[in-house]
Structure formats: C-alpha cells, structure tokens
Amino acid sequence: MIDLSTNYMGLKLKNPIVASSSYLWEDSKNIKKAEKSGAAAVVLHSLFEEQLEIEQEELNKFLLQGTESYAEAITYFPEIKEFKFAPDEYVELIKEVKSNSEIPIIGSLNGVSDGGWIKYAKKIEDAGADALELNIYFIPTDISLNSEKIEENYSNLVKSVKQKIKIPLAVKLSPYFTSTPHFLKSIEKAGADAFVIFNRFYQPDIDTQNLEIKPNLVLSTSEELRLRLRWAAIMYGKVNPDIAITGGVHTGNDVIKTIMAGAKVSMMTSALIKNEIEHITKVLSEINEWLLMNDYKSIKSIHGLMSQEKVLEPSAYERANYMKTLGSYK
Ligand SMILES: Cc1cc2nc3c(=O)[nH]c(=O)nc-3n(C[C@H](O)[C@H](O)[C@H](O)COP(=O)(O)O)c2cc1C
C-alpha cells in the first residue's frame, strides 16, 4: 500500500491533490464530487476585494496611485457585479460544506489593498474554513510606482490578513518579481504559511472588427508547469512556508514532477474543467502506479528529490542549463 499522505501548512492531507480556486466550487455538489473523486482539499472560489464592502478610498488609493484617471478607471467596475457570490452566501457555503465533508476546505480572498475588506478573513475563519488562501493579483501600470513600494504593499497586506486569523494562510502570487527568492522571503516574514505559485496572467485580446478588448481565458496545458517547477526547485529548502504549485497540473506525471521539484501539494483547475471533476481519480491512480513501478513507498520519499537544494551555485547551474538547452537544438 503506497502512502500518499502529506502535510500542507499543518493540514493533514490524504494525498497531494488540491482542487484549486474556481467557480466550480460555487456549487456544493461539485465539492462533494471532488471529495468523492479523491481530492485531498478544496480551495473555494475567491471573494474579491472589489465585490466586498468596498472601502473605496483604500482601494482607489492603491489602484490609482499617482494617476488622475479615477473616472475612467471606475467604469470598469460594473462588471464586478457578474461575481454573484455575496459574502454572506460565501460564509453559508463554508458552513454547509464543512458540515458534510471530511476534507479541509480553504477559503479564498482576492485583493490588493490593505483596507477594511480584509475583515472577511476572520469571517471565513469563523465560518469554519480550515485555512485561507490570499490571492494578490496586481498588474502595476503606474510609472511612478517602484518595485520596492510594490513589494512593501504585498508584505503589509499579508501581515494585516495574518493578524486577523489563527488558521494557516497561503499566499498566491505571480512569478514577475525582480528577485523571486528575496521577495518570497519577505512574504514569509510577513506571516505566510504557504506560497501558491503561480497565478496565470490572463492576457486580453483585441477584437479588430468591433474595436473591443476581449477577455480571453485559455485553459492551461502541462507546458505551463515548467516555470513553476523551476521556482519550486530553487526555493525548496530556502524558505519555511510550504510550496503549492498551481498552473499546468493535468496528469499523474505532472503531480510527480511538482513533488519532486519541492511542492507539498499540486493544484488543479483547468484539468477539472476540461475533463470533469472525476479526472482526479485517474490522476491519483497514475501517481500510485508511478510510485509502485519505481519502488517508492510514499509520496514523501520523492519530496524535493529533483530540487536545487544541493546545488551550490544555483545561478551558475541555471546558466549552464540555459547554454546546454540552446546547444541541444542543433
Ligand atoms: C475559470 C477559472 C476561474 C478561476 N477562479 C479563480 C478564483 O476565483 N480565485 C483564484 O485565486 N484563482 C482562480 N482561478 C485560477 C486557478 O485557481 C488556478 O490557479 C489557475 O487556473 C492555474 O491552474 P490550472 O493550470 O490548473 O488551471 C480560476 C481559474 C479558472 C480557469
């Protein structure tokens, strides 16, 4: 019998597959389906700062620092109404799901400013969530805003949310920082118990006929995993928070890679939208089969196996690999 159990931010999980945040979990029946299919935990869809009791001044200060474009920017906000889940419904959903499921349920907040909206962290905790994921999705567009200030804003937000709760806090981030290791260390100091790497940045397209900006959500493929594998491998052993990989996990082999790189858990959304939630069962049997075939008794025994922990000069190693990769094409 292969032991797939793992521990993520202190939560005991029966295996490393976590169903990541998306609309799928707005329906509690889908959460039950994920549990039955073998998911070890579910991260609920996000409550967005813009949708919460907006402390408008805080949010505007953050989004519009140094710009005069308030009136124009605010016209984007009506679309927020499309997110139908009100905070009260969210709390009710957590209570309902917690009363009839055995797996940990992780709430999700999505925002950028250190404003009053973060009081919802406590409401999510009080509703019974086992942990909270804070997704900071921010695209800096203001020329006067430098990287130091942006990173400070992230840290302040993490610190403030952490102060509100006792349950573990995971922070979901983007890969675009000048020094990812230095930045992640500052988020660790701010109180993160886990890093969820990385947000996918949806890139809107231009409709040349109607002169419109079109939202363009393309589901991921396994190709996207590589960026995550690289950073998990580099960060393994250098930071205390657990690492979760999101973005490009579709198969059992993908999960094996994420754990070998240094992640504790592997998260899935696109694969579940494409193949139905029951796809988790197939992925779990692929993981079991791989471990069996390769003579490993537990998932823990491959944790960090392919990380860069033992590499003395990771930057030199990365350059050597870069040259090797270019050379290999011939
Ligand atoms: C339709 C859809 C809705 C999503 N909703 C959320 C959300 O509410 N909050 C969040 O943090 N991430 C959200 N995500 C991001 C996913 O949780 C995940 O991080 C991302 O899709 C990358 O993983 P994947 O390659 O397995 O899809 C959403 C993704 C999709 C495709």
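Count residues from 1 along the sequence. Bear in mind the structure is a predicted one, so any value in this text is a computation, not a measurement. Order of listing sets the numbers, starting from 1, for every ligand and every atom in it.
- Taking 4.5 Å as the limit, every side-chain heavy atom of Leu132 sits out of range of all side-chain heavy atoms of Pro168.
- Contact check for Lys300 versus Asp3: side-chain heavy atoms found under the 4.5 Å cut-off.
- Among the candidates Val43, Ile277, Leu93, Ile105, the single residue satisfying the side chain to side chain contact (heavy atoms under 4.5 Å, CB included) test with Trp25 is Ile277.
- If you look at Arg200 next to ligand 1, the close heavy atoms, those under 4.0 Å, all belong to the side chain.
- In terms of polar-atom proximity, defined here as any N/O pair under 3.5 Å, Gly247 does make such a contact with ligand 1.
- Listed by atom number, the atoms of ligand 1 under 4.0 Å from Tyr23 heavy atoms are 1 (C).
- Looking at ligand 1, you'll find an N or O of Lys172 within less than 3.5 Å of one of its N or O atoms.
- Relative to atom 17 (O) of ligand 1, the option among Ala271, Ser21, Ala19 with the closest non-hydrogen atom is Ser21.
- The distance criterion of under 3.5 Å between nitrogen or oxygen atoms is not met by His250 with respect to ligand 1.
- In summary, the atoms of ligand 1 found under 4.0 Å from a heavy atom of Met268, numbered by their order in the structure, are 26 (O).
- Taking a cut-off of under 4.0 Å to the non-hydrogen atoms of Ser220, the atoms of ligand 1 that pass are 24 (P), 25 (O), 27 (O).
- Polar contact with ligand 1: present for Ser270 (N/O pair, distance under 3.5 Å).
- Contact between Tyr202 and ligand 1 is present, with at least one heavy atom of the residue lying under 4.0 Å from the ligand.
- Taking every non-hydrogen atom of Thr246 and a distance limit under 4.0 Å, the qualifying atoms of ligand 1 come out as 18 (C), 19 (O), 20 (C), 22 (C), 23 (O).
- Taking the six-membered ring where tryptophan is involved, the planes of Tyr154 and Phe183 are perpendicular, since the angle between them exceeds 60° and thus also 30°.
- Ring centers of Tyr236 and His303: under 6.0 Å apart, within the cut-off.
- Separation of atoms OG1 (Thr180) and CZ (Arg230) is listed at 10.5 Å; rounding is to 0.5 Å.
- For ligand 1, one of its N or O atoms has an N or O atom of Asn135 under 3.5 Å away.
- Ligand 1 has no nitrogen or oxygen under 3.5 angstrom from a nitrogen or oxygen of Glu133.
- Using a 4.5 Å heavy-atom cutoff, the side chains of Thr269 and Thr246 are not in contact.
- Between Trp290 and Asn253 the shortest side-chain heavy-atom distance falls below 4.5 Å.
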Self-check item: Test log, rule side-chain hydrogen bond (donor to acceptor under 3.5 Å, both in side chains), inputs Asn153 and Asp114
Solution: CA-CA 8 Å; Asn153 286 343; Asp114 185 4; over 6 Å; no
